[in-house]
Amino acid sequence: MGAESGTVPMTMIQALRSAMDVMLDRDPGVVIFGEDVGYFGGVFRCTEGLQKKYGTSRVFDTPISESGIVGAAVGMGAYGLRPVVEIQFADYFYPATDQIVSEVARLRYRSAGEFIAPLTIRMPCGGGIYGGQTHSQSPEAFFTHVCGLRTVMPSNPYDAKGLLIASIECDDPVIFLEPKRLYNGPFDGHHERPVVPWSQHPRGEVPEGHYTVPLESAAVQRAGSELTVLTYGTMVYVSEAAAQESGVDAEIIDLRSLWPLDLDTVVESVKKTGRCVVVHEATRTSGFGAELAALVQEHCFYHLEAPIERVTGWDTPYPHAQEWAYFPGPDRVAAGFRRVLEK
Amino acid sequence: MIAPPPSGPVPWDKHFAQELLFDMLRIRRMEEKCAELYGAQKIRGFLHLYIGEEACAVGALHALTPEDAIVATYREHGHALVRGVPMNAIMAEMFGKSAGCSRGRGGSMHLFDAAARFYGGNAIVGGGLPLAAGLALADRMQGRQRVTACVFGEGAMAEGAFHESMNLAALWRLPVLFCCENNLYAMGTALGRSESQTDLCAKAGSYGVPAQKADGMDVVAVHEAMKAAAHQVREGLGPFFLELQTYRFRAHSMFDPELYRDKAEVEQWKRRGPIHTFSARLKAEGKLTEGEFLALDARANAQVQAAVEFAEAAAWEPVEDLLRDVVAPT
Ligand SMILES: Cc1ncc(C[n+]2csc(CCOP(=O)(O)OP(=O)(O)O)c2C)c(N)n1
């Protein structure tokens, strides 16, 4: 915590780039690599200019080899480097699954703590860009299910930078999911309207220097009394819009770190409101919402006044054309609020 | 060094030559329209144009029989079209309409058509290769003498799926024709920055798979090479690797600032453009007049216009139907 310098308005892309810039500058062990991240500067431009500034041995391109990228980062991490690798879209991590599950996540445990894998795997996730089934997925539950990984998802530029720096400095492997629909502004699900740019949002003010946002801390995005919304990523803004449009006094918690989870903040809020709605964009069955609902039930059962509601994507691949039918927009979230209030 | 434009005699009669020229024109005009429709937000999401590479799909797929199968990538509009997927169904799919060949669920990168034996576009680099090996193995087990043609970009050769598929196909002598469209760049990454062995045929050869290069800007060269390769595969001699050396004239997709190659290089390759070089050869041999060319082009444009009208008029898939086909109906 604690910024070293003044703040400037940044988009989420600029904030992520700034985090990598700060860390490349501070720590000679930080290296950045992935498909088209060097010369090209990344499909979403997150690494633009970094290769020019730090050279091709610190910021470099790889072939289309997700398994190789992630696996090499494990070896580099074991020798003390801090690799920050990019998977171009979260939808492309699957070829690296074995490396992530069997190697990245388990190196510490398997070696009884003798070797560690202090790497960060960045990947843009989520829908809202007509990307269809292979450019829209929210695979967070794949990662939270694997012991040994940390899974993080920021929802604004300030958190994005602070969490990314904390992830790079962390001795555990971190899956760093970037909701791509938020790169340029706090998208609230109203796809028919232009998105408000980050420059007009308080969380778009970002310190230029080094600071961290702790990896296990949720943020209360909106204080409220009628119900608690547990959410993260794009759905933070969709839930805010739902609260505003429905007039429901919802307390919205942006989890930021999915695992480890800031359970204290969650439990405190649900005990206060007595009602809970879990909102995520990912498919419903065995989604991270299921874990959240189970935890709330275990820790807040006697405070609950209604069954926990889940508002999620459908149990289908992400449709291309009917994207907005799949996407749980403000109306669907508000309907979830009403259901939990009526019971 | 970029080779001189394709030249030399065309060993085909006028009718066949014009048929292939027409297919190249259909792809070109359809995709030019797609780019325009993308600008108008009628086509959304991702759109990867094949412009410049038409000789590959046209030359290669005309060397196959209707029983053969095709497995392709996200840059597959041309392959689908040549394979006989109706342009209307392709255009409707691009729009995301239910009259599309995949009911609008897939869009540009996921064209499928059982009737055309077209086993998909695939947005995952390398995703189609193991599938192709499996189709070929099933053909062999079920006693059919068919070829599975698997089209992919050179970028896919860095994925594990490529190596596993090549090994399986070679080990089991599967009737797969691996068709690598080497356009020199995988997105912004030039071949030399992604492959330890830039001679792709040497790489394929290391699996014991016979391999050959052909000029992918020359529809004649592609067709001849593919015909010979398909014959060998059909005869049970095992897989074959064909490298088609080509170039995309447009950006990788619609959001590519193209900082990785210079304009002069693109211009040089355009001089090797498959449509104008082939037309010139046909004209020189008296197999095409300017009037005939214009008539073919007008026909291609008319098909495109009709396809756009069809797609515009088509309906969206009803939202209730989206749950269909996730699993088998109960
Ligand atoms: C598994 C996977 N990783 C990364 C990508 C992102 N991606 C899409 S196309 C592409 C370049 C592929 O180049 P190449 O195979 O040569 O085909 P071309 O686009 O040149 O036709 C990349 C990296 C992807 N679609 N799938």
Side-chain angles (χ1 to χ4, degrees), chain A residues 34-45 47-49 51-52 56 60-71 88-89 91-99 127-137 191 283 285 313-327, chain B residues 41 43-47 74 93-98 100 102-110 121-127 153-162 186-191 193-196 252-253 255-260 316-327:
Chain A
E35 293 160 20
D36 289 298
V37 302
Y39 189 72
F40 191 74
V43 167
F44 292 101
R45 322 304 308 154
T47 51
E48 192 166 27
Q51 184 177 73
K52 254 208 174 100
T56 50
F60 53 93
D61 290 315
T62 65
I64 311 173
S65 310
E66 291 78 12
S67 169
I69 294 167
V70 169
Q88 204 166 71
F89 280 77
D91 313 68
Y92 311 154
F93 92 82
Y94 305 108
T97 310
D98 177 54
Q99 289 296 319
I129 64 159
Y130 297 94
Q133 52 198 288
T134 48
H135 294 79
S136 311
Q137 295 166 79
H191 55 95
T283 50
T285 302
W314 293 353
D315 278 349
T316 71
Y318 215 110
H320 168 69
Q322 296 288 10
E323 167 143 54
W324 302 114
Y326 173 97
F327 187 92
Chain B
Q41 300 197 338
I43 296 176
R44 311 194 70 159
F46 292 78
L47 179 68
Y74 48 86
E93 187 60 37
M94 305 252 208
F95 274 62
K97 298 291 186 77
S98 63
S102 314
R103 283 186 75 78
R105 289 174 170 192
S108 150
M109 301 183 285
H110 302 102
N122 195 326
I124 300 304
V125 170
E154 82 291 348
M157 291 180 62
E159 284 283 11
F162 169 80
M187 209 169 264
T189 303
L191 180 63
R193 292 195 293 118
S194 70
E195 281 294 324
S196 58
H252 167 78
S253 72
F255 326 90
D256 164 7
E258 285 191 79
L259 303 172
Y260 48 84
W316 302 104
E317 180 172 22
V319 169
E320 318 78 81
D321 282 8
L322 288 178
L323 296 173
R324 267 173 51 189
D325 297 320
V326 176
V327 292

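First the proteins, then the strands, lettered A, B, ... as listed; each starts at 1.
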Heavy-atom contact with chain B under 4.5 Å, split by part of A/Thr316: both
Minimum side-chain heavy-atom gap B/His110-A/Gln133 below 4.5 Å: yes
Residue pair B/Gly107 / A/His320: nearest heavy atoms and the distance that separates them: CA-CD2, 3.6 Å
Backbone of A/Gln322 reached by a side-chain donor or acceptor of B/Glu317 within 3.5 Å: no
Proximity breakdown for B/His252 and chain A, heavy-atom pairs closer than 4.5 Å: neither
Side-chain heavy-atom pair A/Phe40, B/Leu259 within 4.5 angstrom cut-off: no
Any donor-acceptor pair under 3.5 Å from A/Ser65 side chain to B/Ala158 backbone: yes
Contact class of B/Val319 relative to chain A, heavy atoms under 4.5 angstrom: both
Among B/Leu322, B/Val327, B/Val125, B/Asp325, residue most engaged with chain A (heavy-atom pairs, under 4.5 Å): B/Leu322
Pairs of heavy atoms under 4.5 Å with chain A: top-ranked of B/Ala156, B/Gly160, B/Gly106: B/Gly106
Per-residue contact mode, A/Glu66 against chain B (heavy atom under 4.5 angstrom): both
Flag side-chain contact, heavy atom, 4.5 Å: A/Thr134 against B/Ile124: yes
Plane angle bin for B/Phe46 and A/Phe89 - parallel if under 30°, tilted between 30 and 60°, otherwise perpendicular: perpendicular
Rounded distance (nearest 0.5 Å) linking atom OH of A/Tyr130 with atom CD of B/Gln41: 7.5 Å
Heavy-atom pair count under 4.5 Å with chain A, highest-scoring of B/Ser108, B/Ala186, B/Gly96, B/Gly188: B/Gly188
Step-by-step side-chain contact (heavy atoms from CB on, under 4.5 Å) determination, A/Gln88 to B/Met187: CA-CA 12 Å; A/Gln88 204 166 71; B/Met187 209 169 264; 3.5 Å; yes
Derivation of the side-chain contact (heavy atoms from CB on, under 4.5 Å) call for A/His135 and B/Met109: CA-CA 11 Å; A/His135 294 79; B/Met109 301 183 285; 3.4 Å; yes
